[in-house]
Amino acid sequence: MLDINVIRETPAIVRKALTDRQMDAMPVEQIAQLDVQRRTCIQEAERLKAERNTVSKEIGKMKDPAQRQSKIEAMRLVGEQIANLDEQLRQIEEQLTAIAATIPNLPDARAPYGKDDSENQVIKVVGEPRVFDFEPKPHWDLGPALGIINFEQGVKITGSRFYVLSGAGARLQRALIAWMLDLHIRQGYTEKYTPFMVKAETLFASGQLPKFRENLYHDAEEDYWNVPTAEVPLTGLHIGDILDEAQLPLTYTAYTPCFRREKMSAGRDVRGIKRGHQFDKVEMYIFCKPEESDTLLEKMRADAEQTCAGLGLPYRVKQLCTGDLGFCARFTYDLEVWSPGCGEWLEVSSVSNVGDFQARRANIRYRPEGGGKVRFLHTLNGSGLGMPRTLIAVLENYQQADGSIVVPEALRPWMGGVDVIR
RNA sequence: GGAGUGAUGGCCGAGUGGACGAAGGCGACUGACUUGAAAUCAGUUGUAGGUGUACGCCUACCGGGGGUUCGAAUCCCUCUCACUCCGCCA
């Protein structure tokens, strides 16, 4: 959520942000109009409330019954006017937040302008794609051949876009999760295990509702929503809190499954395990002071890079252009690993500085040391990493001519001595 | 699932229709005293919104929502959450 004052005082900046994101700037005008109506309404309602308060106090002290009764009558009328104005105000504010809630964050000035993902900029490439002396296979051939991925069983028990990992495949994914969590703990993050279902308020706080409703799974009976990313429960941990400056930054890591309808990408990436309705992910999340968020974004990116590097996977770092930035993000790095079987770079991590956007929605603030006004803090999130794509990269990069897979050194402690999956 | 109790400021805790934005205590901050500290004394100590150049003034907020009333922390309804007891189950 943007600061209403920013929209009110510098509408041109907000309009530019929206057009840079290839979006319609109309909501800015609607908000400006509603804001004027809102303030007119508040002023009149509060004037009447002040009058009622003073007269009501006088009524309490009045002796003359006739005079008293006439004041009570007068105040009854004032009360009706107030009720009308309050109702008007409620409607105006409802419209105002409905519109404001769908306006994305302002891109950072450093985010390059671009109309879509084709204009994201590669800023770094690390590692050489491995040269194969045979034709590398995609994971959807390797996995079933080794009996570690079973697509038919996933479809049988649930449906399309679901799969089952088996034996060393299931264990390999578990090893990845455990290794990543331990790595992030060493990097200074505190591990959290959170609910995988949350209420609507929590999804609003992290920016998924109301805009991305159609991409979420929802249990109507209990009004529980399945999390689409650990970012949601992690943001939610501090909804409504006022933290002490000395507590910051709070750095968390969490493993959760993620549930997404993927309605927007129906028919895309249907082959393999790249895009499913359910996948596992390890996430990093930081609550910090505004002044330190840019620095911490670089640390978080470095932390995410260590996961790719630690697995010996060739990867590259992209800076997202304005047209491809996520709804909440001001500035984002994507990490992509090379997948020789699919023949493409796979996005395994997205590391973003959200600024105070989620903090406003979630009402998370901190009290500066030595007093002073409470301020909204900044939040950052980054995957470290997304499972299926990391698993794809491991399978495809570590394959051998005979179809077996070498287990990366880093994961072996969790693989019970297995160094080659065959 | 059944029965009961409760939810008040950073924390504890009083308050059952008007003088309550809320006693008292703790904590924190400022000042005085002190070489310094402790102790003591005095003062300050919530959030949000509106309005004015400004000391300020006004409005709202006592778990959430609704109602009664000229007026609600206080009365009524409802929801949520916590705790206690019983039942059931992993």
Side-chain angles (χ1 to χ4, degrees), chain A residues 1-9 31-101 193-205 209 218-225 233 236-248 250 287 356-377:
Chain A
M1 196 91 98
L2 294 181
D3 184 352
I4 181 73
N5 292 314
V6 170
I7 303 175
R8 184 186 294 160
E9 286 157 24
I31 286 181
Q33 279 183 22
L34 285 166
D35 183 51
V36 172
Q37 291 178 35
R38 171 177 170 271
R39 280 185 292 169
T40 312
C41 209
I42 285 175
Q43 284 169 39
E44 183 59 11
E46 291 194 347
R47 190 185 64 76
L48 291 172
K49 282 179 187 175
E51 186 189 342
R52 181 178 65 181
N53 285 347
T54 44
V55 175
S56 288
K57 275 184 188 140
E58 289 165 22
I59 290 173
K61 293 172 188 152
M62 277 181 184
K63 298 279 178 340
D64 179 0
Q67 196 189 13
R68 190 183 153 93
Q69 200 51 43
S70 84
K71 285 289 184 193
I72 287 175
E73 290 303 326
M75 284 310 104
R76 188 175 292 147
L77 290 177
V78 170
E80 280 167 24
Q81 291 178 58
I82 290 172
N84 285 335
L85 285 165
D86 278 348
E87 174 56 21
Q88 265 182 51
L89 183 63
R90 195 193 59 75
Q91 287 178 19
I92 291 167
E93 292 194 325
E94 198 176 271
Q95 291 177 54
L96 205 51
T97 43
I99 297 170
Y193 169 86
T194 70
F196 302 152
M197 295 191 285
V198 297
K199 44 180 147 178
E201 180 196 347
T202 310
L203 283 152
F204 179 86
L209 282 178
H218 176 220
D219 169 45
E221 187 157 345
E222 301 289 348
D223 199 22
Y224 288 151
W225 300 69
L237 293 178
H238 293 296
I239 287 174
D241 285 356
I242 298 176
L243 302 164
D244 290 327
E245 180 175 344
Q247 293 175 264
L248 300 177
L250 289 169
F287 299 86
D356 64 9
F357 193 77
Q358 287 175 329
R360 283 182 188 283
R361 295 173 82 98
N363 195 26
I364 306 171
R365 293 164 295 171
Y366 75 98
R367 195 179 302 282
E369 245 152 46
K373 264 186 96 69
V374 292
R375 305 169 68 194
F376 287 108
L377 44 71

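Computed from heavy atoms alone, side chains included, the values below leave out hydrogens, waters and symmetry copies. All chains are named by letter (A, B, ...) in the order of the sequence lines, taking the proteins before the strands, and each is independently numbered beginning at 1. These figures come from a predicted structure and were not determined experimentally.
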TODO: Please state how far atom CZ in A:Arg68 lies from atom P in B:G18, giving the value in whole angstrom units.
DONE: 12 Å

Open item on the list: Please report the distance, rounded to the nearest Å, between CD in A:Glu201 and C1' in B:U80.
Closed with: 11 Å

TODO: Between B:C77 and B:A72, how far apart are the C1' atoms? Round to whole Å, please.
DONE: 15 Å

Open item on the list: Please check this pair: side chain of A:Arg68 against backbone of A:Ile59, looking for a donor-acceptor N/O pair closer than 3.5 Å.
Closed with: yes

Open item on the list: Over 60° means perpendicular and under 30° means parallel, so tell me whether A:Phe287 and A:His238 are parallel, tilted or perpendicular.
Closed with: perpendicular

Open item on the list: With rounding to the closest Å, how many angstrom separate the P atoms on B:G25 and B:G13?
Closed with: 16 Å

Task: A:Ser70 side chain vs A:Gln67 backbone, donor-acceptor pair below 3.5 Å - done: yes

Open item on the list: What is the separation between atom CD on A:Gln81 and atom P on B:C70, rounded to the nearest whole Å?
Closed with: 15 Å

Open item on the list: It should be established whether A:Arg367 places a side-chain nitrogen or oxygen under 4.0 Å from OP1 or OP2 of nucleotide B:U47.
Closed with: yes

Open item on the list: Output the rounded distance in Å from CD1 (A:Ile59) to P (B:G17).
Closed with: 18 Å

Open item on the list: Could you tell me how far apart A:Arg76 (CZ) and B:G67 (C1') are, to the nearest whole angstrom?
Closed with: 16 Å

Open item on the list: Expressed as a whole number of angstroms, how long is the span from A:Asp244:CG to B:G27:C1'?
Closed with: 12 Å

- [ ] Kindly indicate, with the supporting measurements, whether the criterion side-chain contact (heavy atoms from CB on, under 4.5 Å) is fulfilled by A:Ile364 and A:Phe376.
- [x] CA-CA 6 Å; A:Ile364 306 171; A:Phe376 287 108; over 6 Å; no

Task: P atoms of B:U30 and B:A39, separation to the nearest Å - done: 15 Å

Open item on the list: As a check on the pairing definition, encode RNA chain B in dot-bracket form, counting Watson-Crick and G-U wobble pairs whose two distances are under 3.5 Å, and using | for partners outside this strand.
Closed with: ((((((((.[[[..)..(.....]]]((((((.......))))))((((((....)))))).[[[[[..)....]]]]])))))))....

Task: B:G27 and B:C12, which share atom name P, separated by this distance in whole Å - done: 15 Å

Task: Whole-Å P distance, B:G64 and B:U80 - done: 15 Å

Task: All pairs passing salt bridge (Lys or Arg N to Asp or Glu O under 4.0 Å) where residues 193-202 of chain A contributes a residue, at least two apart - done: none

Task: Under-4.0 Å salt bridge between A:Glu46 and A:Lys49 - done: no

Task: C1' gap between B:A60 and B:A22, integer Å - done: 15 Å

TODO: Please tell me which of A:Arg365 and A:Glu58 maps to the more 5' nucleotide of RNA chain B, matching each residue to the nucleotide holding its nearest heavy atom.
DONE: A:Glu58

Task: Whole-angstrom distance between B:U59 and B:A42, as gauged at atom P - done: 32 Å

- [ ] Quick one, give me the B/S/- string for nucleotides 50-63 of chain B, reading 5' to 3', where B means a protein heavy atom under 4.0 Å from the base and S means that only happens at the primed atoms, P, OP1 or OP2.
- [x] SS------BBS---

TODO: Rounded to the nearest angstrom, tell me the gap between atom NZ in A:Lys61 and atom P in B:G17.
DONE: 18 Å

- [ ] Sequence neighbours left out, what passes ring-ring contact (aromatic ring centres under 6.0 Å, His included) with A:Phe196? Give chain and number order.
- [x] A:Tyr193

Name every donor-acceptor pair, under 3.5 Å, that has one atom in a side chain of residues 76-85 of chain A and the other anywhere in the protein, sequence neighbours excluded.
residue : atom : partner : partner atom : Å
A:Arg76 : NH1  : A:Glu73 : OE1          : 3.3
A:Arg76 : NH1  : A:Glu73 : OE2          : 3.3

Task: B:A7 versus B:C62 - spacing of their C1' atoms, nearest Å - done: 10 Å

- [ ] Calculate the interatomic distance between A:Asp86 atom CG and B:G49 atom P; express it in whole Å.
- [x] 17 Å

Open item on the list: Looking only at the side chains, is there a donor atom on one of A:Gln91 and A:Glu87 sitting less than 3.5 Å from an acceptor on the other?
Closed with: yes

Task: side-chain hydrogen bond (donor to acceptor under 3.5 Å, both in side chains) against A:Arg8, all qualifying residues, sequence neighbours excluded - done: A:Asn5, A:Asp35

